[in-house]
2 protein chains.
Amino acid sequence: MTVTNDDTAQYLIRTVSKRSGVKSDLVRAWERRYQAVSPVRTSGGHRVYTDQDIARLKLLNQATNNGHSISQIAQLSLDDLKQLIKTEAVTNTLQPELNQTSIRDKYHIAEDYNVKCYGAVLAFDAQALESHFENAIVELGSEAFIELLLSPLLSKIGERWKTGELRPVHEHMTSSVIRSLTYILRNNNPCPANAPRMIVSTPIGQLHELGALLAAIMAELCGWQVTYLGANLPAEEIAAAVKYTHACALTLSISFASEDNIVAKELRRIKKLIGNDVALIVGGRAASHYQGVLAEIGVPNILGYAHFKEILKQLADQHHATSNT
Amino acid sequence: MTVTNDDTAQYLIRTVSKRSGVKSDLVRAWERRYQAVSPVRTSGGHRVYTDQDIARLKLLNQATNNGHSISQIAQLSLDDLKQLIKTEAVTNTLQPELNQTSIRDKYHIAEDYNVKCYGAVLAFDAQALESHFENAIVELGSEAFIELLLSPLLSKIGERWKTGELRPVHEHMTSSVIRSLTYILRNNNPCPANAPRMIVSTPIGQLHELGALLAAIMAELCGWQVTYLGANLPAEEIAAAVKYTHACALTLSISFASEDNIVAKELRRIKKLIGNDVALIVGGRAASHYQGVLAEIGVPNILGYAHFKEILKQLADQHHATSNT
DNA sequence: AATTTTTTGTCAATGTTTTGTATAAGTTTG
DNA sequence: CAAACTTATACAAAACATTGACAAAAAATT
């Protein structure tokens, strides 16, 4: 059973209905007849739900649309429901994706999760963080999860780390949680057979892996076959990985600007080792600090989420064009 | 990817019919006439089927299409049915199902996977490695997976790394794959509410995280609530994590013996920072190299898989004893 | 080969259960 | 006070159950 770390039960039934897509009356009926959810009550008797309840109802809704009988699945755990939907998604080829939630709604939902997730990071509560992430993926979908929640959250963590509100361990803990989530995200979006390959890492001296992790997840979502190597690797090692996998792209994340020129040196060495046939992409908060070197070795500047996606798409098209001839 | 949720998911006849390809009426007829399946009933009398029933009906359908008489095969076991279809050698692709295998078998299966997985590591094929791991978890179960496959495999990788057959990237790639597998393993074995907490990491200078990863997974499987921090963290950071989480144990992995005394220094500092109320456990290939320091700060020597498990059990008992009073 | 018997899939009639929705009357909230 | 929430009850469509029958296909018998 997932540990319910929801000290903040806070949604009324109308909100729950909107977010989960289950009508208010039906939410109550499911509770009365099958104990599908167990909201606490206000002193006046109004139902108050947690965001786990919302995730639950959303999954139940999806499962019933898939042909499952509500009476049979109402009492399953959140994890079991996720399993159920996941195994179904494999057999179901056509998924019209009837998402009623608009982008505007998603934006607000993501905002909400952002606060909660950052709270969990600050409190060093890995369990809660993972739980919030899981629910957010269900509610937002992989795409919006990354764009609206993960990306801003990691930026925030990066900033707060500099001001001293967060310690390095906070970042380590967060990467650890996100790394284990990779599995869900990947399964939601199995990569095609002829996918272009990519290596993601950070050069030596760069210990912060959140940026690299984000890049890896984004690339996987864009249909790449990504091998993630973690942080702080010397040029030779990274180049070896590129060779081994026949990757056609290498993405590096640089989030900390150091005064010594180790990073610049490493970048030059990497470029030399991998040659011109492999696309080199460098991103991260501190990438602009090395603009000189990057220009020298012919690496474009990444301007943000959308830009990175665009570059990925271009490279993928290029790859398919050359591999299909 | 084939995670069977046998006891959890239950289906009504409509779903069963869709999935198995046998019409509802016929499903009932087969039950009435030949007891082909034995669904339980709801209080209202509706039939409720399991995943196994669906698999069974699928096979029966296939066999009858192949010319077999339903009356003759209706009562065969699932395995017999699979045999039947297999020997028929028609254009059929079947999914492997649950099997009861003895420990002796498991040992051989693990051996087999060991070879395959090491091959995937050597070939730097993350996809294949992950796929083998997934299959192994399903086939062996979490426990045997760790004890018979993961543990020996990581030892082997450690050795081969020293001889130069493997590069550091191989290890990085492997940790990356294992890290994302954490999610499955954890879900197979959800941790209890009042579980003792543990921090797992490696001290500064220790870049190899495979040992720590294994320790973290083992502890989780033993019912601990583990926060994994990754490798190469300074004493203050590790101690801070212990404080934040109120962990009652800290496990460090040391797999590389350096001549400088950084590690020894860090160990002393960590011990000082966390005090005597938090159990400190140090393991890893190179732990014995630091026997002097470890004895000095009162840390027992880990002698292997079984020993580690025993220590975990002792600490857990101790924790429950103190927290229940 | 022709006839009878058995097997097997399908269907119809009739009643029950499940499940989403609706209405009415009272209560809480802001 | 109005909007939103509550409970309780009711209702109808969809889905399921049971029984029994029927005809084509397969097997057995003459």
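Each chain gets a letter, A, B and so on, in the order the sequences are listed, and its residues count up from 1. Just so it is clear, the values below take in all heavy atoms, side chains as well, and ignore hydrogens, waters and symmetry mates.
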Euclidean distance, atom CZ of residue A/Arg47 to atom C1' of C/dT27 [Å, nearest integer]: 13 Å
Involving DNA chain D, stems made of at least three consecutive Watson-Crick or G-U pairs, both distances under 3.5 Å: C:1-30 with D:1-30
Interatomic distance where CZ belongs to A/Arg28 and C1' belongs to D/dC5 [whole Å]: 7 Å
Residue whose nearest DNA chain D nucleotide is more 5′ - B/Val48 or A/Ser24: A/Ser24
d(OH, B/Tyr49; C1', D/dA15) in whole Å: 13 Å
Distance in angstrom units between B/Arg14 CZ and D/dC16 P, rounded: 5 Å
side-chain contact (heavy atoms from CB on, under 4.5 Å) partners of B/Asn61, counting only residues at least two apart: B/Val22, B/Thr64, B/Asn65
Pairing of A/Asp25 and A/Arg28 as salt bridge, 4.0 angstrom limit: yes
B/Leu60 CG to C/dT8 C1', straight-line distance once rounded to whole Å: 14 Å
B/Lys18 NZ - D/dA15 C1' separation (whole Å): 12 Å
B/S/- contact track for nucleotides 11-23 of chain C, protein heavy atom under 4.0 Å: B-----SSBBS--
Distance-only donor-acceptor check, side chains B/Tyr228 and B/Glu220, under 3.5 Å: no
Under 3.5 Å donor-acceptor, A/His170 side chain and A/Arg167 backbone: yes
